[in-house]
Amino acid sequence: MVSGGGMRAVERCRALGQAPFSDMAGGLYRGWLSPAHRASVAQLAAWMAEAGMTTHVDGAANLIGRYPGTGNGPPLIIGSHIDSVRDGGVYDGPLGVMLGIECVAALHAAGRRMPFAIEVIAFGDEEGSRFPAAMLTSKALAGLLDTVPDMADAQGVTLAQALGEWGLSPQTLRAARHPGALAYLEAHIEQGPVLEAEGLALGVVTGIAAQLRYEVTVMGQAGHAGTSAMPLRRDALAGSAEMILAIERIAQADASDLVATVGRIEAAPGAANVIAGQVRFTIDVRAGEAVRRDHAAAAILAEIATIAAQRGLGVSHRLIHDLPPSPCDPALMEQLEAALVAAGHPPRRLVSGAGHDAMNLAHLAPTAMLFIRCRDGISHNPAEHVEPADAQGALAVMLGFIDNLGASCA
Ligand code: GLV
Ligand code: MN
Ligand code: MN
């Protein structure tokens, strides 16, 4: 039976997995700036206050809890995200925030102050959970958001309207830059099977793979499903199906860590007896190196254009997300690994194929990431599971890391 901060962190993630902290019945979906997001921010602010922090919401709707240090220098930021994919798991993101709160709660209970302040941040848009963009709030915090694109969610609510409901605006979002940090630490479930396969609870992340995301629009001709002869059709959905299989083939032919995914598709007008006249789908391409990612993306876009031409379809694409690979800081990796070993874990370093807010925070401060094993490597799925004992282990390592960082500042 595990007790302590790790257990409480896990329980709190589970508590945020349902109404009023979820926007869907019977599962978890927490979209950025949604009612569920707002309820979660209020609950987390209460937990942060209980742990000894003052709290505020910045211009990007990031919740920031602050625990003062003995000095006036830049803070250590510990953070992760609280938005989720549709019908997702409860730990992807929130566990890193809850463990940050537990770090502060432990220091506060012991009456300890570090030489630096600690800020725990709950980011809101890591997943691209609502609008056709992703990681906007950590981008804003890192000062990387020069322009805020005009965009709307699936219901037609614009970003400006959604921000307005929080008393915020595209201007406050763009201006939400943080003044600077000593370091950034993010704990996150691995979302893959490596640690579990090796019988390890925890690992130190060396870096995060580069990402590209496109929205593709395929234009055909809508028509009657009963009367249009097959050779005369310009079926945008059949053409998209061929494109999607080509994307899979191109990614499979690359024997490296390259991956490509079509995770969302919409056909219009969307009726059983109408040939699809227009289709929109997304493509997500990732690799450890930007060159391999870009090479595959170029091959994919060329193949899509060829298929469209062969089928008499129109096609256009829009880049909606582009992040370079993000290496973690070597000195912080050493400090995190030292804490891992001191807590009795074998050292293990691994790359992250999943994206994290740390990719943006790397522009503000040196970053470190701790991975926590999750059952069967399953994530972005309600079956996501973390053992409380592993969360407890992660908390001990994070506290060790904070001590190591304190010692290095002395
Ligand atoms: C976030 O979960 C991502 O890697 O897309
Ligand atoms: Mn995720
Ligand atoms: Mn995540």
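Only heavy atoms go into these numbers, but all of them, side chains included; no hydrogens, no water, no symmetry mates. Counting starts at 1 for both ligands and their atoms, following the listed order.
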Undergrad: Inspect the contact between Arg373 and Asp390 and indicate whether a charged nitrogen and a carboxylate oxygen are less than 4.0 angstrom apart.
TA: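 The answer is yes: the pair qualifies as a salt bridge.
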Undergrad: Among the protein atoms near the Mn ion (ligand 3), how many are N, O or S and lie under 2.8 Å away?
TA: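 Near the Mn ion (ligand 3), the number of protein N, O or S atoms below 2.8 Å is 3.
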Undergrad: Charged N to carboxylate O below 4.0 Å: is that the case for Asp322 and Arg293?
TA: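 A salt bridge links Asp322 with Arg293.
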Undergrad: Is the closest basic N to carboxylate O distance between Glu102 and Arg12 below 4.0 Å?
TA: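 Yes, charged N to carboxylate O under 4.0 Å.
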Undergrad: In plain terms, say whether Arg38 and Asp23 are close enough for a salt bridge, that is, a side-chain N and a carboxylate O under 4.0 Å apart.
TA: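 No, this pair does not count.
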Undergrad: Whether Arg292 and Asp294 form a salt bridge (side-chain N of Lys/Arg under 4.0 Å from carboxylate O of Asp/Glu) is what I want to check.
TA: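 Arg292 and Asp294: not salt-bridged.
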Undergrad: I'd like to know if Lys139 pairs up with Asp357 as an ion pair, taking the criterion as any Lys NZ or Arg NE/NH1/NH2 lying under 4.0 Å from an Asp or Glu carboxylate oxygen.
TA: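 Salt bridge absent between Lys139 and Asp357.
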Undergrad: Residue by residue, ordered by chain and number, which ones reach under 4.0 Å of ligand 1 with a heavy atom?
TA: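 Near ligand 1, by chain and number: Glu126, Glu127, Gln211, Arg213, Arg286, Ala354, Gly355, His380.
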Undergrad: Between Arg249 and Glu303, is there a side-chain N and carboxylate O pair less than 4.0 Å apart?
TA: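 So Arg249 pairs with Glu303 through a salt bridge.
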Undergrad: Considering the options Gln191, Glu190, Glu186, which one meets the side chain to side chain contact (heavy atoms under 4.5 Å, CB included) requirement together with Phe371?
TA: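 Of all the options given, the one that passes is Glu190.
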Undergrad: With the threshold set at 4.0 Å, does a side-chain nitrogen-carboxylate oxygen contact exist between Glu334 and Arg349?
TA: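 Judged by the 4.0 Å cut-off on N to carboxylate O distance, Glu334 and Arg349 do form a salt bridge.
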